[in-house]
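Below you'll find the structure, written out as structure tokens, and then a few comments.
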2 protein chains.
Amino acid sequence: MPETARRADRPADRSDRLSGTRYGNRPTMKDVAARAGVGLKTVSRVVNGEPGVTPDTERRVQEAIEALGFRRNDSARVLRKGRTASIGLVLEDLADPFYGPLSRAVEEVARAHGALLINGSSAEDPDREQELALALCARRVDGLVVIPAGDDHRYLEPEIKAGVATVFVDRPAGRIDADVVLSDNFGGARDGVAHLIAHGHRRIGFIGDMPRIHTAAERLRGYRAAMEDAGIPVEDAWMSLGVTDPERVRRAAEAMLSGPEPVTAIFTGNNRVTVTVIRVLAEQERPVALVGFDDIELADLLRPGVTVVAQDAAALGRTAAERLFRQLDGTLITPERIELPTRLVTRGSGELPPAG
Amino acid sequence: MPETARRADRPADRSDRLSGTRYGNRPTMKDVAARAGVGLKTVSRVVNGEPGVTPDTERRVQEAIEALGFRRNDSARVLRKGRTASIGLVLEDLADPFYGPLSRAVEEVARAHGALLINGSSAEDPDREQELALALCARRVDGLVVIPAGDDHRYLEPEIKAGVATVFVDRPAGRIDADVVLSDNFGGARDGVAHLIAHGHRRIGFIGDMPRIHTAAERLRGYRAAMEDAGIPVEDAWMSLGVTDPERVRRAAEAMLSGPEPVTAIFTGNNRVTVTVIRVLAEQERPVALVGFDDIELADLLRPGVTVVAQDAAALGRTAAERLFRQLDGTLITPERIELPTRLVTRGSGELPPAG
DNA sequence: CGTGCGTATGACAACGTTGTCCAGGCTCTA
DNA sequence: TAGAGCCTGGACAACGTTGTCATACGCACG
């Protein structure tokens, strides 16, 4: 028999299969076993480095593996073993620079635990977040790191009960009890605004996202707290909420800066808003102070440098991932809420005195 | 009650599930079938929306699914069907802002095709790239988008032969024939340098990565070509290759800018280098022109604005992913090399006249 | 020489899903 | 009313791997 039959079984119905959707007929352990003249289980032992195989047998098996280009099918393995050694990451937008380091940190930890990372973006859409998270669960990821877009995560209850480790990052989970890793949004914003007040500002604007987003609400709360601590009543005209697209941020900023009593400083609620406001301020004649939440690249090179309340995105990701694996170890049981501190980075824009 | 079979055919173990935190013991179609009082295959039909199920039966099945919190096990499905509806992305560094949009674009296309994206970073390490790519193949991803770190990809030959669709992005594959999507690194760099020459510069520095990296080599080639076209002999002191960490880039730039005949302009080979050089130039007394490869955020807000040769990262990712799925469709057969054009974005720094 | 023991190997049954195929029960027509 | 067709629904065998258990062998010992 010169023809080394790929699969001795029934070659006929394999090639006749109408749905040509199979992987291009890959060799299996059975094929390797046949070629090496050993049993199926022996191949499995060699592939997994289990003991109890003669060096000579092992060599024959290795040769067969090499010759056939065999690669273990992890789907079958997962089915049999129950664990996938992969974790899922549901994030909001891969292109947002804030999530790059976070995502990378999660991957780093996953890798250290021998796990792969499967991820996808929710694009800030709660339905899509759910769809994605459940798809990952259907893949039987061992755990899930979620940056929530929605505010109701009860849909994950059966999964968590079934043993899927789950950690929420950046924003808390909605209506379920779960591990959460956050930045100290409230404290960070309060400190940032207090910094402006300390430099003599009283009329301070706030531009941020919709308060239904937890981080946005917390930062707004921090703003209010700082103002109240200083005994400054906040006027409605100083606040713009739920505005993130550049054009509307621009209009909001310009509105605050015009009129008889314009603000002398602005606190921005996230990196995208900050960038737009920088553009607006660059066009203003008199200097306006600025403190932004989230660090932005090159902030130190602008004139003036941009003072920010910086989050440690990598630490968020790392902490979350580590908690995830501790859940999987069984080391962790009680859900906790962890808040990581923020850091005020002064670069000039936040230290400008009030003008006008 | 003695511990008998883990999963009795009775729906009795439902209560067990509710009370105890049984690990990884999820309900299966069999459980759903038992609870709904129907056959296994009927559940499968309902779950997959196949026709041939009475509305009444369907309702019963749905109720059982709901009650048990059943979620189809895609590992088993994959094993049976042969396709995983997932693709792998091997990139270099998730935290590099250049890869954010690229990665996002790939995910977008994957999503449009109903596929999940599994990814990981090679951290510029060829061994890690291989390890990662093969791990993804073991997961039986349908296809692979690879941003190469190494320059020998023969290890993927068995996989490609077995039907794993493969596309390389940003850098070409090494020693195998495969689809490649690149930016026009040569042309872009040549145009960028020519732009500086057109503004009167003759002593132009080049700071880039190691020439063993394809993109770096091409950009260097573009630099040389532009100089040669203008009849300017390049001096060794003008070139710094293989330098990317900030400290050494800084020293390289400072070296070029000192001495009796300093360069009057610098062309930088990638975004990380550009950022560092901007910092150095900000400290210089006389203005030095700068054109950088890769766009950087806020480049327009600096004084002067930074002129760059911009790549369309999203287009790279999109094109690659689309080719991947066309390979999977069977629409594509012959490997091709696609080069996407770059775009010179003038913002000021590249239009400075020579000083000194 | 029989017994016991340890070691290498293989047979076989899961894992949870889907494709195939067949069995009833129904409707429709001649 | 019988036969032909349709619609439902279910039994069963894969898919490729790993855990369990049995076998065959070599060897030392009584």
Side-chain angles (χ1 to χ4, degrees), chain A residues 6-7 9-14 16-34 36-61 65 68 70-85 137-140 162, chain B residues 5-7 9 24-34 36-61 65 68 70-85 137-140 162:
Chain A
R6 297 298 295 273
R7 189 183 309 276
D9 266 328
R10 301 181 196 284
D13 61 343
R14 223 173 196 316
D16 284 353
R17 205 184 284 278
L18 279 178
S19 53
T21 55
R22 285 236 137 250
Y23 336 95
N25 211 354
R26 300 187 69 129
T28 71
M29 285 192 177
K30 198 169 155 191
D31 301 322
V32 174
V38 301
L40 176 55
K41 180 66 211 209
T42 301
V43 177
S44 171
R45 274 192 268 262
V46 171
V47 169
N48 295 296
E50 288 169 26
V53 181
T54 321
D56 179 58
T57 310
E58 172 159 1
R59 193 186 41 74
R60 287 216 314 285
V61 171
I65 289 177
L68 294 175
F70 166 81
R71 189 100 44 213
R72 180 179 63 196
N73 184 332
D74 274 358
S75 295
R77 172 169 228 251
V78 158
L79 176 59
R80 186 62 233 250
K81 303 204 74 152
R83 283 252 172 141
T84 59
C137 289
R139 289 298 166 94
R140 293 295 186 268
Chain B
R6 295 290 296 279
R7 189 187 308 283
D9 290 321
N25 191 9
R26 305 187 63 132
T28 72
M29 284 191 178
K30 195 170 155 191
D31 300 324
V32 175
V38 302
L40 177 55
K41 180 64 211 218
T42 301
V43 177
S44 171
R45 273 192 270 262
V46 170
V47 169
N48 295 296
E50 288 170 27
V53 180
T54 323
D56 179 58
T57 309
E58 171 159 1
R59 192 185 42 72
R60 286 215 315 285
V61 172
I65 289 177
L68 295 175
F70 166 81
R71 189 98 45 213
R72 180 178 65 195
N73 184 332
D74 274 359
S75 296
R77 173 170 227 252
V78 158
L79 176 59
R80 183 63 233 245
K81 303 203 72 154
R83 283 255 173 141
T84 59
C137 289
R139 290 299 164 93
R140 295 294 187 267

Please state how far atom [atom1] in [X] lies from atom [atom2] in [N], giving the value in whole angstrom units.
X	N	atom1	atom2	answer
B:K30	D:dC12	NZ	P	13 Å
B:R72	C:dT18	CZ	C1'	10 Å
A:L79	D:dT18	CG	C1'	10 Å
A:N73	D:dT17	CG	C1'	8 Å
B:E50	D:dC7	CD	P	16 Å
A:R77	C:dT17	CZ	C1'	20 Å
B:R139	D:dT17	CZ	P	14 Å
A:D74	D:dC15	CG	P	19 Å

Look at the side chain of B:K81 and decide which nucleotide, out of C:dG19, C:dT17, D:dG19, has an atom nearest to it.
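Minimum distance to the B:K81 side chain belongs to C:dG19.
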Residue A:R80, side-chain heavy atoms: nucleotide from C:dG19, C:dA14, C:dT17 that is nearest:
C:dA14
May I ask you to decide if [Y]'s main-chain N or O and [X]'s side chain share a donor-acceptor pair within less than 3.5 Å?
X	Y	result
A:R60	A:A36	yes
A:T54	A:D56	no
B:N73	B:S75	yes

Pairwise distance CZ(B:R26) to SG(A:C137) - rounded to 0.5 angstrom:
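Going from the CZ atom of B:R26 to the SG atom of A:C137 covers 6.5 Å.
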For B:V78 versus B:R83, what's the shortest heavy-atom pair and its separation?
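B:V78 and B:R83 have their closest heavy atoms at CG2-O, 3.8 Å.
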Closest non-hydrogen atom pair, B:V61 against B:V32
O-CG1, 4.1 Å
Short side-chain N/O contact to D:dT18 OP1/OP2 from A:S44, under 4.0 Å:
yes
Is the phosphate of C:dT18 approached by B:N48 (side-chain N or O, under 4.0 Å from OP1 or OP2)?
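Yes.
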Please list, pair by pair, any protein nitrogen or oxygen found under 3.5 Å from a nitrogen or oxygen in nucleotides 8-10 of chain D.
{"residue": "D:dT8", "atom": "O3'", "partner": "B:T54", "partner atom": "OG1", "Å": "2.9"}
{"residue": "D:dG9", "atom": "OP1", "partner": "B:T54", "partner atom": "OG1", "Å": "3.1"}
{"residue": "D:dG9", "atom": "OP1", "partner": "B:T57", "partner atom": "OG1", "Å": "2.3"}
{"residue": "D:dG9", "atom": "OP2", "partner": "B:T54", "partner atom": "N", "Å": "3.2"}
{"residue": "D:dG9", "atom": "N7", "partner": "B:R45", "partner atom": "NH2", "Å": "3.1"}
{"residue": "D:dG10", "atom": "OP1", "partner": "B:G39", "partner atom": "N", "Å": "3.1"}
{"residue": "D:dG10", "atom": "OP2", "partner": "B:G39", "partner atom": "N", "Å": "2.3"}
{"residue": "D:dG10", "atom": "OP2", "partner": "B:T42", "partner atom": "OG1", "Å": "2.8"}
{"residue": "D:dG10", "atom": "N7", "partner": "B:R45", "partner atom": "NH2", "Å": "2.9"}
{"residue": "D:dG10", "atom": "O6", "partner": "B:R45", "partner atom": "NH2", "Å": "3.4"}

Candidate list B:T42, B:V46, B:I65, B:V43, test side-chain contact (heavy atoms from CB on, under 4.5 Å), partner B:M29, passing option
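That would be B:V43.
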